[in-house]
Amino acid sequence: MCECVVCVPEYLGRAATVAILEPLVDNWAPSHKIKEVTGFECDITTSFVVSNLSVILVLDLSKPEELWTTLEVALKQVTQRVNQVVSELKSSDPQLAQKLKQRRWKKFGEDHPDKDLLDPLPVPLLIIGTKYDVFQDFDSEKKKMVCKTLRFVSHINGASLQFYSSKSDALVNKVRQLLSHFAHGAAASHTMSMDYTKPLTVPAGSDALGQIGVPSLSSGELGKINARVPLELWKQAYGGFFPQISVKSEKFEDPCKDPKYLEPAVDSMRAQKEEDLERYRKEREKKARDLARQQGQMVSSKT
């Protein structure tokens with residue numbers, strides 16, 4: 001299963017945002033469904049929102065037979081939606097796409113050896129692999145395949161990667177710090193862990209294809225794979241190791257409205273912020289109409 005969370009920090013306070021996001025990482029109900037991101041269509045509508053957007057994908061490490069399909073579909077939906085909005089905003093902010101691209105590439109630098117092979121999402125992306133407490137007991141070769149594959153997919157999409165378990169205080173604290181970083185720009189931890197025998201912590205831009213290596217298959221098995229690009233190589237290798245089951249897709253439902261996540265203090269604050277935002281939006285629209293009317297009157301008087 002995958003959850004897609006969009007963080008727009010200016011609309012919520014630091015504590016409120018993290019309080020909303022943490023239950024999504026901790027307590028989702030397992031299923032064979034992918035949440036579509038089209039439910040965010042009304043929220044991602046301005047340059048301001050896109051420029052302050054972060055996407056968090058939450059994956060279930062205990063279900064490797066769903067992992068690639070889930071991740072592939074979710075990334076496709078997120079990328080399409082963000083690119084669609086950027087394209088729609090081109091007339092009002094022609095430089096938006098370039099600004100987003102430059103900001104994302106700062107994580108890698110001009111001299112990164114994989115620069116020509118990467119295609120980062122236009123907005124910050126965090127991939128969280130949950131249920132590490134179950135995953136850590138997997139066979140060594142299974143863990144190696146999952147870890148190397150997630151490192152590869154995260155790297156080429158410019159994502160940070162973090163493993164998580166609600167049963168580990170250390171991992172809970174790491175994810176809490178990451179959520180604050182992605183939602184509010186808090187200082188990011190510079191610690192890294194790329195050892196497949198331990199929980200992965202891989203900040204965006206810190207990995208490299210040379211460090212990740214090739215899929216964990218024998219030379220004979222690799223020789224049977226017919227792939228022209230690295231992504232297809234990893235897809236075939238992972239699917240051969242973990243045959244993927246089909247997953248159903250359903251429309252995204254706002255988790256803030258889910259009764260399982262009721263938090264009176266947080267919900268009250270969020271409702272107030274939404275009212276303030278709606279009031280601000282209406283004021284801006286009124287000012288825009290008044291300005292257009294004034295400009296129209298000036299043109300009429302000159303003619």
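Each residue takes its place number in the sequence, starting with 1.
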Does [X] reach the main-chain N or O of [Y] with its side chain, forming a donor-acceptor pair under 3.5 Å?
X      : Y      : answer
Thr69  : Glu66  : no
Lys143 : Gln136 : yes
Thr79  : Leu75  : yes
Asn157 : Ala159 : no
Thr130 : Leu59  : yes
Gln244 : Glu65  : yes
Thr149 : Met145 : yes

Between Phe241 and Tyr238, does the ring centroid distance fall short of 6.0 Å?
no
Centroid-centroid under 6.0 Å between Tyr164 and Tyr132 rings
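When the ring centroids of Tyr164 and Tyr132 are compared, they turn out to be at least 6.0 Å apart.
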Using the salt bridge (charged side-chain N to carboxylate O under 4.0 Å, His left out) criterion, which residues pair with Lys144? Sequence neighbours excluded.
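With neighbours one apart ignored, the set is Glu141.
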Listed partners of Lys148 passing salt bridge (charged side-chain N to carboxylate O under 4.0 Å, His left out), at least two apart
none
In short, side-chain hydrogen bond (donor to acceptor under 3.5 Å, both in side chains) pairs touching residues 113-124 with sequence neighbours left out are Glu110-Lys115, Asp114-His155
Pairs touching residues 150-173 that satisfy salt bridge (charged side-chain N to carboxylate O under 4.0 Å, His left out), sequence neighbours left out:
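As it turns out, the salt bridge (charged side-chain N to carboxylate O under 4.0 Å, His left out) pairs with a partner in residues 150-173, which skip direct neighbours, are Asp133-Lys167, Arg151-Asp207.
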Parallel, tilted or perpendicular, as decided by the 30° and 60° cut-offs, for the rings of His112 and Phe108
perpendicular
Going by the rule side-chain contact (heavy atoms from CB on, under 4.5 Å), which residues pair with Lys99 if we only count those two or more places apart in sequence or in a different chain?
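Partners of Lys99 under the side-chain contact (heavy atoms from CB on, under 4.5 Å) test: Asp93, Gln95.
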Residues two or more places apart in sequence or in another chain: which of them pass side-chain contact (heavy atoms from CB on, under 4.5 Å) with Pro124?
Ser54, Arg103, Arg104, Phe182
Can you hop from Tyr196 to Ile212 via hydrophobic side chains spaced under 4.5 Å?
no
Work out which heavy atom in Val175 is nearest to a heavy atom in Gln162; give both atom names and the distance.
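Heavy atoms of Val175 and Gln162 come nearest at CG2-CG, 3.9 Å.
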From OG (Ser160) to CG (Leu125), nearest 0.5 Å:
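If we round to the nearest 0.5 Å, Ser160:OG and Leu125:CG are 8.0 Å apart.
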